[in-house]
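Inspection log for the structure reproduced underneath, given as structure tokens.
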Protein chains: 2
Amino acid sequence: MTRQTVTIKELAKELGISKSTVSRALRDSSEIGAETKARVLELARARHYTPNPFALSLLNHRTYSIGVIVPDISNPFFSSVIGGIEDVAYQRGYQVMIFQSHDVYEREVSGTRHIASRRVDGLLVSIASGTLEHNHFRELAENGIPIVFFDRAVEEIQTHKVLVDDYGGAFQATEHLIREGCRRIAHIAGHLSLAISRNRAQGYKDALIKYGLEVRDEWIVTGDFRHEVGADAAYQLMALKQRPDAIFAASDRIAIGAHAALRQLGYKMPADVALMGFSDLAFSSLIDPPLSTMVQPTFEMGRQSAELLLDMIETKKPHMFYETRVLKPELMVRESSRKGGKWIEPTGFEIQD
Amino acid sequence: MTRQTVTIKELAKELGISKSTVSRALRDSSEIGAETKARVLELARARHYTPNPFALSLLNHRTYSIGVIVPDISNPFFSSVIGGIEDVAYQRGYQVMIFQSHDVYEREVSGTRHIASRRVDGLLVSIASGTLEHNHFRELAENGIPIVFFDRAVEEIQTHKVLVDDYGGAFQATEHLIREGCRRIAHIAGHLSLAISRNRAQGYKDALIKYGLEVRDEWIVTGDFRHEVGADAAYQLMALKQRPDAIFAASDRIAIGAHAALRQLGYKMPADVALMGFSDLAFSSLIDPPLSTMVQPTFEMGRQSAELLLDMIETKKPHMFYETRVLKPELMVRESSRKGGKWIEPTGFEIQD
DNA sequence: CTGAAAGCGCTTACAG
DNA sequence: CTGAAAGCGCTTACAG
């Protein structure tokens, strides 16, 4: 099962010139005669020559590959971010290596080591919810491997970060519910080890406070981002003597679970309970009533993260300061929170996929 | 920005022995003295030595990496298959390189070349719906690069394939609708350039024929796998003078689009129209009424594909015959097709994510 | 049991 | 303008 790939040596022999000359001609060096250059290029094309990337890596101490560590690529949020990363990476000639932590600390550590042993030029990371200790990243950073965090960052590590304004987004979502007339607003939070969850919860609380509304502990349920949590939390909230008249879920997945539970329990949205999510899944617009949410710029987040990382890789100088970019989520009002609106509108057709 | 990674040379100098000895000790060669071996291993561990994979690749003409070409990783079907692939690959010491064709022929071709120039040891492919010509894969195969196709295969290329029994699954889905009492069953098909779409359509037709039901052209709408297609098709079907009393969609995404449209139009499922999908998306169980579907063994498909590929890579002998594995999808009956059933059941909690 | 040498595919000072 | 040589990090016959 031998692969026949042409090498510079073979091209040289066939042309009766030296390897050095072939190599220089291929790289369009100015010190090679035009005629020689033409002959080399022609043969290289005919033979489908492509340089062996491993030989180059060995020489340059560069691999032209970057690693990406995310909880889960089947999560649409991450697969869209990865789309943005690949967009930039391929354009600039880099290969992308993806590793999933499945939100488990040990997997994140072993994935990080594995990817590092593959000598990637840099790393793009969104940490696992189970990660509380960050030496595996710190080690790399200290070894001079550039890291950029996106969405879920390690606050204590100094490097570029690309985040979403979770606090502001949650504030805006809650404010929207208030303006629609809701007064007893509950929140279903994600895993509190993650800053994104804490920030969203804080934005929610501060909006309530700003409008002089009650912040009740029993109206704040904490779990993680799965839809099962949303359903359980909805049961729990609606069983309270003091029922909420709105629920702001920290993610669309949570919200969709809550949505199903609320329907089952016989509540009308938004008349009985208004509902909002965070993230905008493809199907959030297709459920009945369609789910209001905060749209996150996922693809753009991937693009910007990759750009920052590649810039870091390609500048020789050490970095003096690091940038934290905060992208704005956008309010997307649909029927689940439009009080007094009627839900039947042609929907689901102008929605992005 | 120089990376400091220890090399064998440095270890050798520090220990005052030769590179050869270090190398052999590291590989646990039997010709090295126990004491020397211990000293080498200890230092290697202390210095966090990891062999440079590029040097090894150069030597072995092996990269221990495989390429995966899929239409779109944000499609849950593919991200789950990729999960299975990575499971096997990492376990057997291989790196996975993913490339998305976005269902565009040109992208698939350039992705294939790109991945090939990275010298992967083998390729796992699910072709783009826009691909009608397959020389880019044939070239690789002829160069001795093993390829395994999954789900969407190129029929004319002789190699291992892992498929789903789309014909049988569609037959079973249609039969289920018939047994529930439906008599005017429509089908919304995927892109007909894909065998999976044609096979599903054929299974649908043959089931109708077997039960002596009418196969009407106007009840078969063809598009692609997007939910927009499902919605448009539902409008079209329900506008017919002869309305169907059931719709079998070739994918859950199509079905979810149809589901939203049917609700909007005021139809009750399954009383007015029964609905079935194919694939089982995470959210198919969370819509109201929950969607019946054929569950595909996606993770298992990824696992088996990767195993076949790695076996091919690791056996030296040329392959004499190739295997086509056909995995069975499983009927998952939910409320959208359970005629006479009442939908309210605790749902969405025992569902896989 | 250990070392010197050649070579995987490539680039680049150094000569000419 | 072109070639011979060294070297990136590693392994492995070939000597001893």
Side-chain angles (χ1 to χ4, degrees), chain A residues 1-41 43-44 47-65 93 116-121 143, chain B residues 1-41 43-44 47-65 93 116-121 143:
Chain A
M1 191 109 307
T2 24
R3 183 98 47 82
Q4 37 114 265
T5 326
V6 214
T7 67
I8 278 197
K9 198 173 161 187
E10 286 155 14
L11 295 180
K13 194 160 80 177
E14 195 159 338
L15 290 164
I17 58 182
S18 78
K19 281 163 39 183
S20 326
T21 305
V22 174
S23 171
R24 280 191 271 250
L26 253 18
R27 330 210 96 230
D28 201 25
S29 156
S30 59
E31 37 179 353
I32 300 295
E35 194 198 344
T36 317
K37 213 178 265 187
R39 288 180 58 218
V40 171
L41 258 38
L43 186 67
R47 291 276 178 288
H48 294 104
Y49 172 79
T50 56
N52 185 316
F54 302 99
L56 294 179
S57 292
L58 213 49
L59 236 35
N60 303 331
H61 297 276
R62 290 285 310 282
T63 65
Y64 295 95
S65 66
S117 79
R118 282 276 171 168
R119 310 287 202 272
V120 290
D121 293 338
N143 272 342
Chain B
M1 191 107 313
T2 23
R3 183 99 47 83
Q4 37 114 267
T5 326
V6 213
T7 67
I8 278 198
K9 198 174 163 187
E10 286 154 14
L11 295 181
K13 194 159 79 178
E14 195 158 339
L15 290 165
I17 58 180
S18 78
K19 282 163 40 183
S20 326
T21 305
V22 174
S23 172
R24 280 191 271 248
L26 255 17
R27 330 211 94 228
D28 201 24
S29 158
S30 60
E31 37 180 352
I32 300 294
E35 195 199 343
T36 317
K37 212 179 266 184
R39 288 179 57 215
V40 171
L41 256 39
L43 186 66
R47 291 275 179 289
H48 295 107
Y49 171 80
T50 57
N52 184 316
F54 302 99
L56 294 180
S57 292
L58 213 49
L59 235 36
N60 303 331
H61 298 276
R62 289 286 309 283
T63 65
Y64 295 95
S65 66
S117 79
R118 283 275 172 168
R119 309 289 202 272
V120 290
D121 293 338
N143 273 342

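Every chain is numbered from 1, with letters handed out A, B, ... down the list of sequences. Here the structure is a predicted model, which means the values were calculated and not measured.
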Across all chains, not counting sequence neighbours, the salt bridge (Lys or Arg N to Asp or Glu O under 4.0 Å) partners of A:E14 are A:R47

For a quick check of understanding: with a heavy-atom distance under 4.0 Å over all strands, which category does A:T36 fall into, base, sugar-phosphate or nothing? sugar-phosphate

Residues at least two apart in sequence or cross-chain that pass side chain to side chain contact (heavy atoms under 4.5 Å, CB included) with B:T63, listed by chain then number, are A:F54, B:S57, B:S65, B:R119, B:D121

Applying side chain to side chain contact (heavy atoms under 4.5 Å, CB included) to B:R24 and not counting sequence neighbours gives B:S20, B:S29, B:E31, B:I32

Q.
Can you check the distance between C:dA4 and D:dG7, where both ends of the measurement are the P atom (answer in whole Å)?
A. 16 Å

Hits for side chain to side chain contact (heavy atoms under 4.5 Å, CB included) against A:P51, two or more places apart or cross-chain, chain-then-number order -> A:Y49, A:L56

In numerical order, the residues of residues 12-21 of chain A whose heavy atoms come under 4.0 Å of DNA chain D are A:I17, A:S18, A:S20, A:T21

For B:K9, the side chain to side chain contact (heavy atoms under 4.5 Å, CB included) test, sequence neighbours excluded, returns B:T7, B:K19

Contact span of DNA chain D against chain A, any nucleotide atom under 4.0 Å from a heavy atom, 5' to 3', runs D:dC1 to D:dG9

**OP:** For D:dC14 and D:dC10, measure between their P atoms and round to the nearest Å.
**Re:** 24 Å

Annotated structure of DNA chain D as dot-bracket, pair cut-off 3.5 Å, Watson-Crick or G-U only, | for inter-strand, is |||.||||||||.|||

Sorted by number, residues from residues 47-54 of chain A placing a heavy atom under 4.0 Å from DNA chain D are none

